[in-house]
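Written out below as structure tokens is the structure these notes cover.
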Amino acid sequence: MKLGILGNGQLGQMLETSIADQSDITVNLYDLRAFDETSLQQFLNDNDRISYETENIPAHIVSQMESVEEKVFPSLKALKTFQNRITEKNALRAAGIDTAEFHAVNSLADIHDAVQKLGLPIIMKTTTEGYDGKGQFVLREPSDATAAWAEIGNRELIAEAFVPFIREVSVIGCRAENGDIKVWPMTENIHHEGILRYSLYPAHGFSAEKQAIAERYIEQIATSLDYVGTITLELFETEDNLIANEVAPRVHNSGHWSIEGAVTSQFRNHMLAVTGQAITDTASKFAAVAMINVISDEGPTAAGEDMSETYVHSYGKEARPARKLGHVTITAANTDERDSKISQLEGLIPTGVWTK
Ligand code: ATP
Ligand code: MG
């Protein structure tokens, strides 16, 4: 089978690598930045099935994908739903999943309506194309409305009530064509300036009740869309609940630990699912795991070279401010051992963001 993946960044590359042992599957990556209509159509026609590494696919490309709709996995319906924060939240709610209260904003006047409805503070976001916290504005006072509209407005926005969360966690699952669903153990995710810096498994003190809520959420959203492939839910943990923030219809940075840390990685199960195969065990192989992003002008190659059970992934990208250049995964026999290894790699994490 020939599988085409739209996007040739690190996610596409890790997807390709994860299935390299299956010689009957040929993986082709399409560079979306080098798009032209003819080469894309050729790519869509030449491959037996199509998947994608990102939901940030421009509308004109999505409409071209419609010509081969039946061979796109996850489905175009899922892709379109999760491309827009409003249709995304509506789908989550329809599937019985809690989200922040929200209000669609198409004008300055709508911002004032949102303040009436949601109170303050409010997080304003562009409905499409946001990533790493880009395209967002925190409204603290009604008088911030004009600045918010000037900075990110003049396009469709969503206003979200601020969720007073304890911390951020994510749950990643995979659904096969036969409806089988497998869910990876959850991680706690620590962000800095809108970018994921590191993920920890297990999430300290995370209750079995909350784990069950997260697994139910994944099952409900994946089943409701007849979803095929790996799917990620970013969640806010509150005192007694989990509130869905957003969905990624793809593998996710917070699941990179699963390459070395789990029996089957998020990448491999995605590839198995989108090629119509059965998916396999998602359990963790270790008592404790950490994934640290390498985001700096220094390459990741030196990091942790002489530490045992430390795996360095370099994406081979040129350094640019705030760009993810690679990641390091640490496996350990317990959380204390994990945390002492993280402390040795502290240089990868901004000052004050690693608190152990
Ligand atoms: P990424 O692609 O990196 O996940 P994004 O640009 O898609 O980011 P979000 O995940 O929606 O943006 O938001 C970025 C961060 O802003 C969240 O991880 C969270 O820390 C904060 N945030 C977003 N929405 C809310 C909310 N409603 N209440 C409180 N905090 C929020
Ligand atoms: Mg997010």
Side-chain angles (χ1 to χ4, degrees), residues 7 9-11 52-57 79 81-93 97-105 111 114-115 117-140 144 148 151-152 155-172 186-200 203 214 217 230-239 241-256 266 291-295 321-325 327 350 353:
Q10 67 261 24
L11 301 182
Y52 41 89
E53 65 157 12
T54 173
E55 64 279 18
N56 284 332
I57 301 179
L79 173 63
T81 301
F82 300 131
Q83 276 192 323
N84 179 298
R85 293 186 195 271
I86 292 177
T87 53
E88 174 173 83
K89 281 206 170 44
N90 286 331
L92 287 166
R93 290 186 158 217
I97 297 167
D98 296 333
T99 73
E101 295 296 322
F102 65 97
H103 190 73
V105 169
I111 302 183
V115 174
K117 182 175 158 191
L118 308 173
L120 288 165
I122 282 174
I123 316 264
M124 311 268 313
K125 305 176 184 177
T126 56
T127 53
T128 59
E129 285 163 26
Y131 70 99
D132 288 347
K134 293 181 173 61
Q136 300 198 7
F137 192 103
V138 182
L139 198 87
R140 298 184 194 281
D144 294 339
E151 192 173 312
I152 61 167
R155 56 182 291 184
E156 192 186 49
L157 303 179
I158 182 174
E160 295 180 15
F162 184 83
V163 179
F165 58 83
I166 306 169
R167 63 179 165 180
E168 297 187 67
V169 296
S170 58
V171 61
I172 305 178
M186 293 179 64
T187 59
E188 167 177 355
N189 303 324
I190 293 81
H191 299 82
H192 178 65
E193 294 176 351
I195 300 180
L196 179 67
R197 298 307 304 225
Y198 61 94
S199 294
L200 301 177
Y217 280 0
T230 294
I231 183 168
T232 306
L233 254 183
E234 294 180 7
L235 299 163
F236 298 130
E237 180 182 4
T238 60
E239 210 60 59
N241 199 9
L242 295 173
I243 310 287
N245 173 28
E246 61 173 344
V247 180
R250 55 169 168 82
V251 292
H252 191 261
N253 195 174
S254 66
H256 290 3
Q266 60 166 353
M291 189 287 312
I292 307 172
N293 274 332
V294 178
I295 303 168
R323 192 174 205 203
K324 292 173 185 166
L325 302 178
H327 74 268
V353 178

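In each ligand, atom 1 is the first atom listed, and ligand 1 is the first ligand listed.
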### Summary
Closest heavy-atom pair, R250 versus T54, reported as atoms and distance to 0.1 Å, is CD-CA, 3.9 Å
#### Entry: Counterpart residues, side-chain hydrogen bond (donor to acceptor under 3.5 Å, both in side chains), relative to E160 (two or more places apart)
K89, K125
### Query
With a cut-off of 4.0 Å, which atoms of ligand 1 are near a heavy atom of E160?
24 (N), 26 (C), 27 (N)
### Close-contact set for ligand 1 against E234 heavy atoms, below 4.0 Å
4 (O), 10 (O)
## Note on the structure
Honestly, for I195 the part within reach of ligand 1 (heavy atoms, under 4.0 Å) is neither
Assess, by modelled atom type and distance only, whether the side chains of [X] and [Y] contain a donor and an acceptor separated by less than 3.5 Å.
X    : Y    : answer
T127 : E156 : yes
H252 : E234 : yes
R85  : T128 : no

### Query
With a 4.0 Å cut-off on heavy atoms, is A161 touching ligand 1?
yes
### Query
Between V163 and ligand 1, does any nitrogen or oxygen pair lie at a separation below 3.5 Å?
yes
